2 protein chains.
Amino acid sequence: MLPFLSRADEAMDSNRDGIMQARETGTLGKLMVLLDLVTHADAPLRFTDILSLAGQPRGTLHRQLGHLVEEGLIEVDVDGRYAPGLRLLDFAARSWARNEFRLIAEPHLADLQQATGETVHLGVLRGSSIIYLDKVEGRQPVRMYSQIGNASPCYCTGVGKAALSRLPAESLANLLADLSFTRFTASTHVSAETLLAEIREIADLGYAFDREEHEAGIRCVAAPIWSEDRTFIGGVSITGPAYRLSMELLRQWAVPVQLAAGRIMEGMRIRLGPRR
Amino acid sequence: MLPFLSRADEAMDSNRDGIMQARETGTLGKLMVLLDLVTHADAPLRFTDILSLAGQPRGTLHRQLGHLVEEGLIEVDVDGRYAPGLRLLDFAARSWARNEFRLIAEPHLADLQQATGETVHLGVLRGSSIIYLDKVEGRQPVRMYSQIGNASPCYCTGVGKAALSRLPAESLANLLADLSFTRFTASTHVSAETLLAEIREIADLGYAFDREEHEAGIRCVAAPIWSEDRTFIGGVSITGPAYRLSMELLRQWAVPVQLAAGRIMEGMRIRLGPRR
DNA sequence: CGGGTTGTTCCATTATTCGGAACTTAATTT
DNA sequence: AAATTAAGTTCCGAATAATGGAACAACCCG
């Protein structure tokens with residue numbers, strides 16, 4: 001597979017108590033759990049905060065954080081609070097700049113934006129999250145990094161549900177089994193049953209809606225993008241405010257979104273060569 | 001210090017042979033060296049490429065890469081080549097979105113852009129690199145991530161040289177001693193002596209120029225931003241094409257750039273509280 | 001088919017991490 | 001101001017994970 005392809009069905013190791021489980025990668029796994037804690041927090045965390053979240057012995061945690069700081073993955077402020085480090089930016093900038101999937105999709109996203117005048121997103125399924133890889137807005141200069149790179153749940157985003165509709169049955173079942181739902185709005189799916197029902201519908205139609213399920217007042221229509229072997233799955237979407245995007249309009253736009261998705265898949269096939 | 005503050009004088013561990021040294025952080029350090037190799041490469045690397053670059057035994061390297069892949073920091077394509085992983089994006093998006101320095105500087109960058117019509121950059125000194133934290137362009141929608149997050153050398157960028165001019169003498173000496181110069185254009189500094197001479201000048205003037213030293217045809221004027229204890233150092237700059245930005249014009253803009261830098265420092269002081 | 005290249009697995013040795021406890025420092029209460 | 005509690009740091013024997021050499025498998029390519 002291309003560099004942007006990876007197992008779309010890997011499980012996430014977290015539970016509801018805030019205590020995170022180490023992954024099967026020894027030392028690295030434990031450190032990444034900490035990095036996750038620090039980067040996902042709403043504000044810089046103090047040592048004790050992390051201590052209770054990580055459930056590690058004090059001495060151990062102290063050294064682990066020290067190493068992360070030493071490497072620039074985490075930074076410490078005057079008050080001894082831990083915040084994400086800037087070295088992460090450098091890593092990410094490179095990861096993004098050369099991502100093949102993004103490069104292939106880029107022109108088609110621009111076309112779609114031109115055709116509709118609304119914001120276009122490109123996302124990839126990673127675990128049970130959608131990671132947004134690109135965004136093309138109209139008019140106003142984009143607030144960079146605004147959405148790009150962010151991981152959003154798959155069960156309440158258009159791209160997410162579109163992606164799930166192309167997941168092999170077994171992978172989908174595993175993913176749904178481990179999924180925990182958070183109600184963001186009145187229309188957010190909160191059960192695997194209703195979600196699965198909609199995913200089946202989407203699989204037939206070939207496109208998905210987000211009916212203000214993630215953010216009140218925001219709708220979108222999305223189409224899936226997948227590799228033949230289904231190891232790589234993502235999607236494109238058109239997003240905008242509900243007052244401007246009626247469900248009727250979204251239904252009309254399902255066609256151009258699917259066309260764009262098709263062209264991107266075509267581009268992938270060319271890059272991949274005829275053999276696959 | 002604030003979360004965005006960290007030792008500005010830490011040394012970088014790399015040498016010219018392409019063999020990178022492990023840092024003093026045990027297992028993590030070794031893995032980060034690998035991640036550096038993969039993210040800094042121009043194209044996905046094959047196992048053997050990394051083998052020669054990293055100078056590790058095959059078995060060891062194999063396991064290390066396996067762990068990085070397992071954690072999503074690196075991804076493997078069909079041909080077994082290694083590329084940066086998308087998990088890095090998620091980390092970085094959060095690191096960026098909540099960075100205090102950037103948040104404080106944001107409005108002043110916009111003002112500066114409005115006043116001059118040219119591109120404004122915000123950067124921070126990390127080791128001997130400048131990491132760009134923000135960018136405000138005129139007109140055209142920004143190509144996101146384009147510059148943001150990128151690490152550039154300190155000795156050939158306006159922000160870099162401005163930052164160096166505020167580094168304590170000892171830290172500066174250490175940094176210069178370890179610096180290795182790459183000639184990007186005809187006017188790039190390639191010796192510590194000439195660089196030091198210019199830095200002394202900049203320290204007096206309070207602003208720095210980039211006279212097409214990093215990229216031919218691109219000039220800039222920059223002013224330093226620093227915390228009182230000099231543990232945090234960065235800068236703002238106005239950048240643009242040489243044909244439009246005469247040296248005369250840049251000299252005029254030195255004033256607004258310094259004013260903007262001053263206002264950002266003021267903002268930092270308020271955030272930090274009166275005690276420091 | 002044969003020979004080189006590339007990637008993977010195994011396992012005894014070695015180095016690192018682990019984690020309890022003692023210790024220092026800072027903040028809070030009496 | 002002294003006493004008390006909380007917060008953060010250091011230490012070191014025991015437990016664990018990383019190391020790296022070598023053997024093994026897969027893949028080209030001529």
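Here is how names work: the chains are called A, B, and so on, in the same order as the sequence lines, proteins then strands, and each is numbered from 1. The shown structure was predicted, so the numbers you read here are calculated from the model rather than taken from an experiment.
Closest to the side chain of Y82(B), out of dT8(C), dT6(C), dG20(D), is dT8(C). Checking dT19(D), dA17(D), dT9(D) against every side-chain atom of F47(A), the shortest atom distance belongs to dT9(D). Candidate nucleotides dC18(C), dA18(D), dG20(D) were compared by shortest atom distance to the side chain of R63(A), and dC18(C) ranks first. Proximity note for P57(A) (side chain, C-beta onward) versus dT17(C), dT6(C), dG20(C): the nearest is dG20(C). Closest to the side chain of H62(A), from the set dT9(D), dG20(D), dT6(C), is dT9(D).
E266(B) and R269(B) are joined by a salt bridge, as a carboxylate oxygen and a charged side-chain nitrogen come within less than 4.0 angstrom of each other.
Residue T48(A) has a polar side-chain atom (N or O) positioned under 4.0 Å from OP1 or OP2 of dG8(D). Proximity of Q56(B) to the phosphate of dA18(D): no side-chain N or O atom is located under 4.0 Å from OP1 or OP2.
Following rounding to the nearest Å, L61(B) (CG) and dC10(C) (P) show an atom-to-atom distance of 18 Å. Counting to the nearest Å, the P atom of dT6(C) and the CG atom of L65(B) are 16 Å from each other. Rounding to whole angstrom units, CG of residue L31(A) and C1' of dA17(D) are separated by 13 Å.
T60(B) comes within contact range of at least one nucleobase, with a heavy-atom separation under 4.0 Å.
In this structure, the side chains of V69(B) and Y82(B) come closer than 4.5 Å at one or more pairs of heavy atoms.
Side chain of R126(A) to main chain of R87(B): no donor-acceptor pair is present (N/O by atom type, distance under 3.5 Å, no hydrogens or angles). Side-chain atoms of R166(A) never come within 3.5 Å of backbone atoms of R230(A) as a donor-acceptor pair (strictly under, hydrogens ignored). Between the T39(B) side chain and the F91(A) main chain, no donor and acceptor come within less than 3.5 Å of each other.
Projected onto DNA chain C by closest heavy-atom contact, G59(A) and T27(A) fall at different nucleotides, the more 5' of which corresponds to T27(A).
Within 3.5 Å, no donor on the side chain of R46(B) pairs with an acceptor on the base of dG7(C), nor the reverse. Within 3.5 Å, a donor on the side chain of R58(A) pairs with an acceptor on the base of dG8(D), or the reverse.
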